[in-house]
Amino acid sequence: MKQKRFILPESEIPTQWYNIQADMVNKPQPMLNPGTKEPIKAEDLYPLFAEECANQEVNQTDRWIDIPAEVREKYAYYRCTPLVRAYGLEEALGTPAHIYFKNESVNPLGSHKLNSAIPQAYYCKQQGVTNVTTETGAGQWGAALSYAAKLYGLDCAVYQVKISYEQKPYRRSIMQVFDALVTPSPSMSTRAGKDILTADPNHQGSLGTAISEAVELAMSTPNCKYLLGSVLNHVCLHQTVIGLEAEKQMAMAGEYPDIVIACFGGGSNFSGIAYPFLRHKLSGEKKNTRFIAAEPASCPKLTHGKFMYDFGDESGYTPLIPMFSLGHDFRPANIHAGGLRYHGAGAIVSQLLKDGLIEATDIRQLDSFAAGTLFAQAEGIIPAPESCHAIAAAINEANKCKETGEEKVILFNLSGHGLVDMTAYDQYISGTMANTGE
Ligand SMILES: *Cc1c(COP(=O)(O)O)cnc(C)c1O
């Protein structure tokens, strides 16, 4: 029988995260204080983030950063995650390519987001923080953080993008199971929310509006920190456990990927699977590996955005981030991949794209669901709408191999499952879904 799943024991959970900033020749540009235009230092971020996260954010020297033993203990609830050879999908496509996926959907909350929620909540607890707040789109980050907050006895308040709050009621319920306080954004509970609603009473919300509200709450509440689920360097750092495990598992399979693919919202799961492999490209050891970020055609910051200093949120509360962006007031269409509806790309990934070390591709909504459905039928896992974009990009590459007869090794990250996103699949199956906003 052919080996399908490559499993690592708990003892193989990485002991360190990989900090790609240390290896980059062209370092990501610093974030700037919007008032003074001075580069942001770690101390500037202490009012907002856990201190350790702020330090990690600006760390451009330490290649490896220790994972606290207490965090590894919690990772062991669901790590190491399996690497799977997608024989079923290969057969369905009739491709000579070898397709592998890293299955990050197998944790209790169903997405990779827990990999950063746990350490962020841990660092808050360590420094005596009692309350945490955040934004969430489709709800995966909010769900992961609600659970991580519960693990460490922190109170958690989540601003959920209004359209997702309405479209995905079960993720709201999941957050509420973990005792999080969930508010649809924009709301009347913050000044930012009030301003946005005054200008447009029908505003459907975006990650940008929800971030503004959460940041405002954190800044105005004692002993409260703001935790972000993507975009920032320290979040991408935490996600490197994905690629570090995958590297060992690919070795178990006796292969090394020619192409590494992940869907792209703010860049955390892409960074997580890509950077550990990218380090061998940066060192010159594996020059030809390609890295592809798959974004939605309706929110195409990498393929159609501009590199600029832009705010991370709608109201302009955050530092200015050097990144590919569609503009912080960009209103993404209401696609089902809520986690990909973000206007910007994060500083590291943006620099890597500028330097030609990674590529990006944009995927239309209907194509993403066609790919996700084919994958589900072939592999028995219903993928998250976000993950469908990675699958579509992987299928595109596998189909090219079919034309050329090349036996390329393709690795993609399955960032989450779609079992709470079945309204989206319903629409796809009934033919009422459209390619909105493209
Ligand atoms: C949040 C999310 C994404 C997008 O976020 P990234 O930071 O770009 O990884 C992708 N897939 C799933 C399942 C998500 O929950």
Side-chain angles (χ1 to χ4, degrees), residues 1-14 75-112 114-115 241-263 269 272-274 276-277 280 286 288-290 292 294 369-384 387-419 425:
M1 203 171 78
K2 293 186 283 190
Q3 185 168 0
K4 189 161 173 64
R5 302 205 312 153
F6 298 86
I7 308 287
L8 289 170
E10 275 174 35
S11 56
E12 292 291 329
I13 294 173
Y75 276 167
Y77 281 31
Y78 61 99
R79 306 206 73 84
C80 300
T81 63
L83 178 85
V84 184
R85 172 84 184 260
Y87 287 113
L89 183 61
E90 288 172 22
E91 199 176 313
L93 296 171
T95 177
H98 297 187
I99 307 176
Y100 293 83
F101 63 93
K102 179 73 167 159
N103 190 352
E104 286 296 311
S105 79
V106 295
N107 74 65
L109 284 311
S111 84
H112 68 285
L114 204 49
N115 299 331
V241 289
I242 302 173
L244 291 167
E245 288 177 9
E247 196 185 352
K248 289 184 191 164
Q249 291 163 311
M250 289 299 303
M252 287 165 79
E255 306 224 70
Y256 191 89
D258 297 303
I259 307 176
V260 179
I261 298 172
C263 65
N269 92 96
I273 191 137
F277 290 100
H280 303 301
K286 295 273 186 192
N288 297 327
T289 316
R290 293 173 58 207
I292 305 176
F369 276 90
T373 302
L374 180 68
F375 174 81
Q377 291 168 358
E379 297 292 330
I381 303 170
I382 296 186
S387 313
C388 290
H389 292 72
I391 296 169
I395 289 176
N396 288 345
E397 293 300 324
N399 283 338
K400 284 185 207 159
C401 292
K402 195 172 163 179
E403 282 164 27
T404 60
E406 284 174 293
E407 242 184 57
K408 286 201 174 140
V409 178
I410 300 171
L411 166 65
F412 73 85
N413 191 41
L414 183 71
S415 54
H417 69 66
L419 294 175
Y425 280 90

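Side-chain atoms are counted along with the backbone in the values below, which use heavy atoms only and exclude waters and symmetry mates.
- Here Ile292 contributes atom CD1 and Cys263 contributes atom SG; the two are 13.5 Å apart, rounded to the nearest 0.5 Å.
- Interatomic distance, CD of Gln3 versus CE of Met1, reported as 8.5 Å (0.5 Å rounding).
- Inter-residue side-chain proximity for Val241 and Thr81 is flagged as unmet; no heavy-atom pair is nearer than 4.5 Å.
- Nearest heavy atom pair, residue Cys388 against residue Gly372, reads SG-CA, 3.6 Å.
- How far CD1 of Ile391 is from CG of Asn413: 10.5 Å, rounded to the nearest 0.5 Å.
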TODO: Test side-chain contact (heavy atoms from CB on, under 4.5 Å) on Asn115 and Asn269 and set out the steps.
DONE: CA-CA 10 Å; Asn115 299 331; Asn269 92 96; over 6 Å; no
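- Between Arg5 and Asn103, every side-chain heavy-atom pair lies at or beyond the 4.5 Å cut-off.
- Expressed to the nearest 0.5 Å, how far CG of Asp258 lies from CD of Glu407 amounts to 10.0 Å.
- Among pairs with a residue in residues 78-103, those fulfilling ring-ring contact (aromatic ring centres under 6.0 Å, His included) read Phe101-Phe375, Phe101-Phe412, at least two apart in sequence or across chains.
- Closest non-hydrogen pair, Gly405 versus Pro96, comes out as C-CG, 3.9 Å.
- Looking at every heavy atom in both residues, His417 comes nearest to Ser105 through N-CB, 3.3 Å.
- Remark: Glu10 engages no residue in a salt bridge (charged side-chain N to carboxylate O under 4.0 Å, His left out) (not counting sequence neighbours).
- Partners of Glu379 under the side-chain hydrogen bond (donor to acceptor under 3.5 Å, both in side chains) rule, at least two apart in sequence or in another chain, are Lys4.
- In this structure a side-chain-to-backbone donor-acceptor pair under 3.5 Å is missing from Glu90 to Ala92.
- Considering Leu411, Leu244, Ile261 in turn, Leu411 is the only one that fulfils the side chain to side chain contact (heavy atoms under 4.5 Å, CB included) rule with Ile273.
- Of all heavy-atom pairs between Ala394 and Ile410, the closest is O-CD1, 4.0 Å.
- Salt-bridge annotation for Lys248 and Glu12: present, with a side-chain N of the basic residue lying under 4.0 Å from a carboxylate O of the acidic one.
- When all heavy atoms of Lys408 and Cys401 are compared, the pair lying nearest together is CB-SG, 3.6 Å.
- Nearest heavy atoms, Ile99 versus Ala398: CD1-CB, 3.9 Å.
- By the side chain to side chain contact (heavy atoms under 4.5 Å, CB included) test, Thr289 pairs with Tyr256, Val260, Lys286, Phe291, sequence neighbours left out.
- For Tyr425, the ring pair (Phe, Tyr, Trp, His ring centres under 6.0 Å) partners at least two apart in sequence or on another chain are Phe369.
- From Ile242, atom CD1 reaches atom CG of Leu83 across 12.0 Å, with rounding to the nearest 0.5 Å.
- Legend: salt bridge (charged side-chain N to carboxylate O under 4.0 Å, His left out) pairs involving residues 100-111, not counting sequence neighbours, sorted by first then second residue: Arg79-Glu104, Lys102-Glu245.
- When atom types are taken as modelled, the side chain of Ser387 and the backbone of Gly416 share a donor-acceptor pair closer than 3.5 angstrom.
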TODO: Begin from the C-alpha positions of Ile395 and Leu89 and carry the test side-chain contact (heavy atoms from CB on, under 4.5 Å) through to its verdict.
DONE: CA-CA 9 Å; Ile395 289 176; Leu89 183 61; 4.3 Å; yes
